[in-house]
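Some notes on the structure that comes next.
In what follows, chains carry the letters A, B, and so on, assigned in the order in which the sequence lines appear, proteins first and then strands, with residues in each chain numbered from 1.
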Amino acid sequence: MVGRRRGPTNPRTVFMADYQPENIERKWQEFWRHERLFAAAVDPTRPKFYCLDMFPYPSGEGLHVGHPEGYTATDILSRYKRARGFNVLHPMGWDAFGLPAEQYAIKTNTHPRIVTQQNVERFRRQLQALGFSYDWDRQINTTDPAYYRWTQWIFLKLYHAWFDESAQKARPIGELIADFAAGRRLVPGGQRWADLAPAEQRRVLANFRLAYEQEAPVNWCPVLGTVLANEEVIDGKSEVGGFPVERRRMRQWMLRITAYAERLLNDLDALQWPESLKMMQRNWIGRSEGAQVDFQLAGGGKITVFTTRPDTLFGATYMVLAPEHPLVDLARADHVVPSAWPAATRPEWKADSPAPGPRHAVAAYQRQVAARTERQRQEDTGKTGVFTGAYAVNPVNHEAIPIFVSDYVLMGYGTGAIMAVPAHDGRDFQFARRFKLPIRRVVSASSTNPQAGELPWEADGFSVASPGIEGLATAVAKSRICAWLEQHGHGGRRINYKIHDWLFSRQRYWGEPFPLVHLEDATTVALVEEQLPLELPPLEDFKPTGAMTPPLDRAATWRNVAVRLEGDPANPQARVVPPGTPGAVPARREANTMPQWAGSCWYYLRFLDPHNDRAFCDPKTERYWMTHPDGVDLYIGGVEHAVLHLLYARFWHKVLFDWGLVSSAEPFHKLVNQGLILGEDDRKMSKSRGNVVNPDAVIAQYGADSLRLFEMFMGPLEQVKPWSTKGVEGVHRFLQRLWRNLAADDPKARVVWLNHGTWFTNRGRLDVGPARAAEAAAAALRRPLHRTIRKVTQDIEKLSFNTAISAMMEFNNLLTKSDWIPSDMARTLLRLLEPFAPHIAEELYQKLSAVPGERAASGPGPAGPPASLTRMPWPDYDEALCVDEVLEIPVQINGKLSGRVKVAAEAPPEQVLQAALADAQVQARLANRPLRKHVYIPGRMLNLVV
RNA sequence: GCCCGGGUGGCGGAAUGGCAGACGCUCAGGACUUAAAAUCCUGUGACCUGUAAAGGUCGUGCGGGUUCGAGUCCCGCCCCGGGCACCA
C-alpha cells in the first residue's frame, strides 16, 4: 500500500479525499458505457480509424500482464484519434474455439461450452476493469452459431472456388464447369466433360477447389488426438502443449494456400509491418526459382526433380529419393527397386550390413529412418543412405546414374527427389565422398581457369565440361538449360515454394463443423447456404477418441441425414430434408471440425457489422472501414502469430477479395508487435517459475490507470522488457502528485482561474500579492505547456508512449513546484493524460469543473453537468511558444564543449558569435588562438574551429 | 551457416549528425514528525585535484574511417536476443 492511508494526525486527511483508484475507476467505466461514448457508426463525414487488437483466446488462466500491453497501446491511439475528430472503430471479441479451451475442458471434465463461457466472462470482466474504450456492442464470439454461420459460409466460398493460374485469382467453380463444358479448358484425363457421369465430374472438380480433401502424410499428434497444420508444429512438437507429432497418411481437408503463394509474398512489400515479421512470412512461403527436370528410368517411368541449379546438370552423378518417396514404396506396384543388386554395385552402397538384395536394404533403411524423430533427423546431418539398385538417365548426356535413398532429401520439399551434383553442393559432396561416387566439376570460379574455386563450389561461376553452355556465366547457363529442357520435353523453368497447403481439419469436438455431407458414391457435397449455421451437436462425450476418428463420429443422429441435391449435378448443393422425402438420398455429415484459426481469419470483418444476419458484413460498411488506407489502420498483437493467424487471415482475405466480397487486397495495413513482458527476474513469465504478475492484483493495489501507465512507461512498445513493481509505484506516485496538484476541492489547492481580470481560487478571489504570483506562474508555465502538448501529440503518433508519459511527468513536476496552477492548463494536461490514464483524468477534470465559478472562466460552455473529458477536442500547440525567449547556446571549441552564452531566441548568427567571443570562459579557452571558422546551428549550438 | 533486431549509468530507458544519460527506479542527505510511513527539497556515470567553492580527465560493446562536430553515418570485428536452417 503506497500512500493510500494517511495517519490520523495528518490534518490534510480531514479536508481532502486522497487519490483512491478503487473509488473512481468503476464509476467512470460504468459512465462511459452507459453513455455509449465509444460506440462507432458509419459516418462518411468523418475520417475513419480502425484500431484493432488481436482478440484474445480466453484461456482458463485469465488475463496476464502481456494482454494489457497491446490493448493499452491501441486504446491510447483510439482515444487520441477520437479527440482528433476521427470516427474510431475499436472493438473486442473472443477467439474461443480450439485446442486450449478443449484441453482445459478435458482436464476439468467440464463441457467446453461451459468452460468457454466462464473464460469469456472472466476475460471480459478483467478487460473492463482496465477501462478500455471498446465499443462493447460489437463484442463477438467465434463459438456463437450466429458468428460461425459466416465462418462456414466463407468456407463454402473457398469450396466453391478454384484458382485460375493464368488470371492469378480465384474464380467461381461454375466458371470452371463452363470452361470444361465448352472445351475451353481440357478435362484432366482427356475425356469430354459431357461424357463424364455427375459423380465423376464432381471428382474432377474436387481437385480444383480451394478446399479439397486429400490423402497425404500429415502431422498426427497422439496426445492431442488430432492432426495439425505445418504451422502448428514446432521442432517436431505441437505448438499447443509441446507434445510429440508423428507423420501419418490420412485423408484430410486442405485449403489451397499454395495457389496464393506469389500474391501473399508480393503483397507483403506494401504493408507497414515490422521487417522481421515480413521476413518470417517470406521465409515460410520460401519461394525459389529453378527448374524441374525429368530423368527417365531404365525400366520406364521417370523421376522428377526440382533444382535451383539447372546449369549443373552435367555434373549430376547420382540421384537421391526421400525414404518416403512413392517410387521406393515397396508396397506400390510402380516402385523402382529391383530384386537383385546390379553387377556394378559397390559394397559400400549396400548399406552397413550386407543385405541380401536392394529391396531388403531399402526397406531396412526406411525402417531405420522412420524410427528416428523429425528432430533427430534434423540434428544429425551425417549422410546415410542406400543404393536402390535402379538407374536413371540424365537427359542432357544420356548417362545412367545410380539412384539412392537418403533421408537428407526431404519428401516435404520440392518433389522429394534430387539430382545430386557433388561438386557444387555441400550435402551431395559429403554423400558422394562417403559412398565413393564421382565428383565432377561443371562450374569454375573463373572464366579463364576451368579449375578455379575449391570444391564443393556452391557460388556462381562459369560452366565447364558442359557441352552447349560451356563458358557461360551461371545465370545465362541456367536459362539456356531451362529453354533446352522445355524444348525437348524434359522439364523447364519452375518456381518452387516451401509453403504447403493448409491442413484444415481436426479430429476434435470444439470447432466449427464443416458444412458438407458425404454421399454414398463417395463424393462430397456442400450444404445450401440457407441451412447455415450447421450447429455443433451438444455432444456429452466430447473427448478425443484416441483413434483417428473425430468425436463427432459418435453423434450418429447428427451425422446421418437425408439430403436432396439441388442445382447442377456436377456441383450440386445438399439440402437436408426429413428422411423419406421424395428424391432424398442418405448422406453422412463431415465429422472433422475446423482448426482454431478459422474464426480469427475474418473476425476483423465481422466487427464492422457484427449483428448482420443477412451477410457476413454489409458491403458499404466494409468499404467505409476498410479503405484509405486499405485494411485495418492499426493492428497490434504478438509476433507468435507471424506464420499462423497473420498468414491464414491474409489468405482468406484474398479469397474474399477475388470473390469481390471485400474491397482491399490486404486486411491489415499497419501492424505492430508489442514486446514480451518478462518477469521481474528477467525471465519469461511462467507459473512454474513463479514470476507471473497478475493484472487483477496490480489493479487492486495501484489501480487500472497505474497499470496502464506503467505498461506504457516501461520502454518502447515493441521491445522485450522486464516487469518492475518499483516501476509501478513510480507511475503511481506520479498520479498521486497529479491528484494533489489538481484536486481543486482541496482547500489548500493551488488551482486558480482568471475571471474578468480577477484571479480566483475555490476560496474566492486572490489578493493583489498572490494574484501577481498567479500571473507570474501562468506566464512561467505557458511555454512548458505548449512544449508538452507538442511532445505528447508527436509521441502518440509515433507510438512512443514512454516518452510521452515522461513529458507529462515533467510538466506535472513543474506544477508541483509552482505556487499557483491555472485551471485551463490543468485541463489541458488532463486532456493529454486521458488516453493513457482515463479514469483519473476524467475524475480530476470533473472535479475541476464542479468548482463553482470555475467553469464560467473556462469558456462559454453550456450550463448543466460538464461533458465527459473523452468528448473534449485535443489541444493545439503554438510552435512559437515551444521555444524559450532566451536561449542558452552551448559553445564548442573544436567540437568540445567550452561554455555557454545566453542569447535571444531570434538573435542573428553574428550576434551569437560576438556573444560567444565576448564570453570570459570562452576567451580563456581560446587562449588567443586565431578563429579559423565557425559553425552555428541556429538555436542549437555554436562550434568555433581554431 | 544464413537473415533480421539490439549493445548507452547500479536498473528500465531518453537523445531531427549538434550540451550523452530526459523521465522513472534505486541509493544518500535534509525538512516535516515524539517516532516511523507517506510527502516535500537536494544530490546520485566513472575517475582525478581541492577543506570547500570549483575545476579537470575519461565515458554510449571493440578497432578504424567520414565530419567543424558521431551514441547516431560508413567499413571490419565481438557479444546478446529473435527467426530460418540437410529447402536441393
When the C1' atoms of U33(B) and C25(B) are compared, how many Å lie between them, rounded to an integer? 26 Å
Roughly how far apart, to the nearest Å, are C23(B) and A15(B) at atom C1'? 12 Å
Please list, for nucleotides 2-9 of chain B, all pairs of protein and nucleotide N/O atoms separated by less than 3.5 Å.
none

Please give the distance between the P atoms of A53(B) and U39(B) as a whole number of Å. 29 Å
Strand contacts (RNA chain B) in residues 406-414 of chain A, 4.0 angstrom heavy-atom criterion: Asp407(A), Tyr408(A), Val409(A), Leu410(A), Tyr413(A)
Give every pair of a protein N or O atom and an N or O atom of nucleotides 45-47 of chain B that lie under 3.5 Å apart, one pair per line with the distance.
none

Rounded to whole Å, the CZ-P distance (Phe836(A) to C23(B)) equals 17 Å
In sequence, state the C-alpha distance, the side-chain angles, and the governing distance for Glu289(A) and Arg493(A), and then conclude on salt bridge (Lys or Arg N to Asp or Glu O under 4.0 Å). CA-CA 8 Å; Glu289(A) 284 183 31; Arg493(A) 219 179 89 82; 3.4 Å; yes
Whole angstroms only, please: what is the CD1-C1' distance between Ile481(A) and A88(B)? 17 Å
Sequence neighbours left out, what passes side-chain contact (heavy atoms from CB on, under 4.5 Å) with Leu265(A)? Give chain and number order. Arg282(A), Ile285(A), Arg287(A)
Given atom CZ of Arg287(A) and atom P of A88(B), what is their separation to the nearest angstrom? 13 Å
Whole-Å distance separating the CE atom of Met712(A) from the C1' atom of G24(B): 15 Å
Set of residues satisfying side-chain contact (heavy atoms from CB on, under 4.5 Å) with respect to Glu797(A), sequence neighbours excluded: Tyr80(A), Lys81(A)
Roughly how many Å is it from CE in Met809(A) to P in A14(B), rounded to a whole number? 14 Å
The residue, Arg427(A) or Ala807(A), whose nearest nucleotide of RNA chain B is more 5′ is Ala807(A)
Distance check: side-chain N/O of Lys896(A) vs OP1/OP2 of U57(B), anything under 4.0 Å? yes
So what does the secondary structure string of RNA chain B come out as, 5' to 3', with Watson-Crick or wobble pairs under 3.5 angstrom, [ ] for crossing and | for pairs with another strand? (((((((..(((.....[....))).(((((.......))))).(((((....)))))..(((((..]....))))))))))))....
Per-pair distances, 0.1 Å, donor-acceptor, side chain in residues 936-946 of chain A, under 3.5 Å, sequence neighbours excluded:
residue   : atom : partner   : partner atom : Å
Tyr936(A) : OH   : Gly939(A) : N            : 3.1
Asn943(A) : OD1  : Gly895(A) : N            : 2.9

Could you list, one pair per line, each protein nitrogen or oxygen that sits under 3.5 Å from a nitrogen or oxygen of nucleotides 40-44 of chain B, together with the distance?
residue : atom : partner   : partner atom : Å
C40(B)  : OP1  : Arg737(A) : NH1          : 3.4
C40(B)  : OP1  : Arg740(A) : NH2          : 3.3
C40(B)  : OP2  : Arg737(A) : NH1          : 3.4

So what does Arg925(A) touch, heavy atoms closer than 4.0 Å: a base, only the sugar-phosphate, or nothing? sugar-phosphate
Any side-chain heavy atom of Thr304(A) sitting closer than 4.5 Å to one from Val293(A)? no
Using whole Å, what does the distance between atom P of nucleotide C84(B) and atom CG of Leu647(A) come to? 13 Å
In whole Å, measure the gap between the P atoms of G81(B) and A28(B) for me. 34 Å
Taking the P atom of each, how far is G63(B) from G9(B), in whole Å? 15 Å
Between Glu711(A) (CD) and G13(B) (P), how many Å, whole number? 14 Å
How would you list all residue pairs meeting side-chain hydrogen bond (donor to acceptor under 3.5 Å, both in side chains) that involve residues 408-422 of chain A, not counting sequence neighbours? Ser288(A)-Tyr413(A), Tyr318(A)-Tyr408(A), Tyr408(A)-Asp428(A), Tyr413(A)-Asn496(A)
U26(B) phosphate, OP1 or OP2, under 4.0 Å from Lys726(A) side-chain N/O: yes
Reading nucleotides 64-74 of chain B 5' to 3', which nucleotides get B (base under 4.0 Å from a protein heavy atom), which S (sugar-phosphate only), which -? ----BS-----
Among G13(B), C84(B), C23(B), which nucleotide has an atom closest to any side-chain atom of Lys498(A)? C84(B)
What interatomic distance, in whole Å, is found between C1' of G7(B) and the corresponding atom of C62(B)? 11 Å
Within the structure shown, what part of the strands sits under 4.0 Å from Pro274(A) by heavy-atom distance: base, sugar-phosphate, or nothing? nothing
Tell me whether the rings of His645(A) and His641(A) are parallel (<30°), tilted (30 to 60°) or perpendicular (>60°). perpendicular
Between Met419(A) and Phe295(A), is any pair of side-chain heavy atoms under 4.5 Å apart? yes
Any donor-acceptor N or O pair under 3.5 Å, side chains Thr725(A), Glu680(A): yes
Go nucleotide by nucleotide along RNA chain B from the 5' end; which of Glu810(A) and Asp682(A) gets its closest nucleotide reached first? Asp682(A)
Take the protein atom NZ of Lys721(A) and the nucleotide atom C1' of G12(B), then report the distance between them rounded to whole Å. 11 Å
Those residues at least two apart in sequence (or on a different chain) that pass side-chain contact (heavy atoms from CB on, under 4.5 Å) with Val698(A) are Val693(A), Tyr702(A), Leu707(A), Trp723(A), Val728(A)
Once the angle between the rings of Phe801(A) and Phe836(A) is folded into 0 to 90°, is it parallel (under 30°), tilted (30 to 60°) or perpendicular (over 60°)? perpendicular
G21(B) to C32(B) separation - C1' atoms, rounded to the nearest Å: 32 Å
Do any of residues 792-805 of chain A sit with a heavy atom less than 4.0 Å from RNA chain B, and if so which? Asn802(A), Thr803(A)
With sugar-phosphate meaning primed atoms plus P, OP1 and OP2, does Gln430(A) contact a base, only sugar-phosphate, or nothing at under 4.0 Å between heavy atoms? nothing
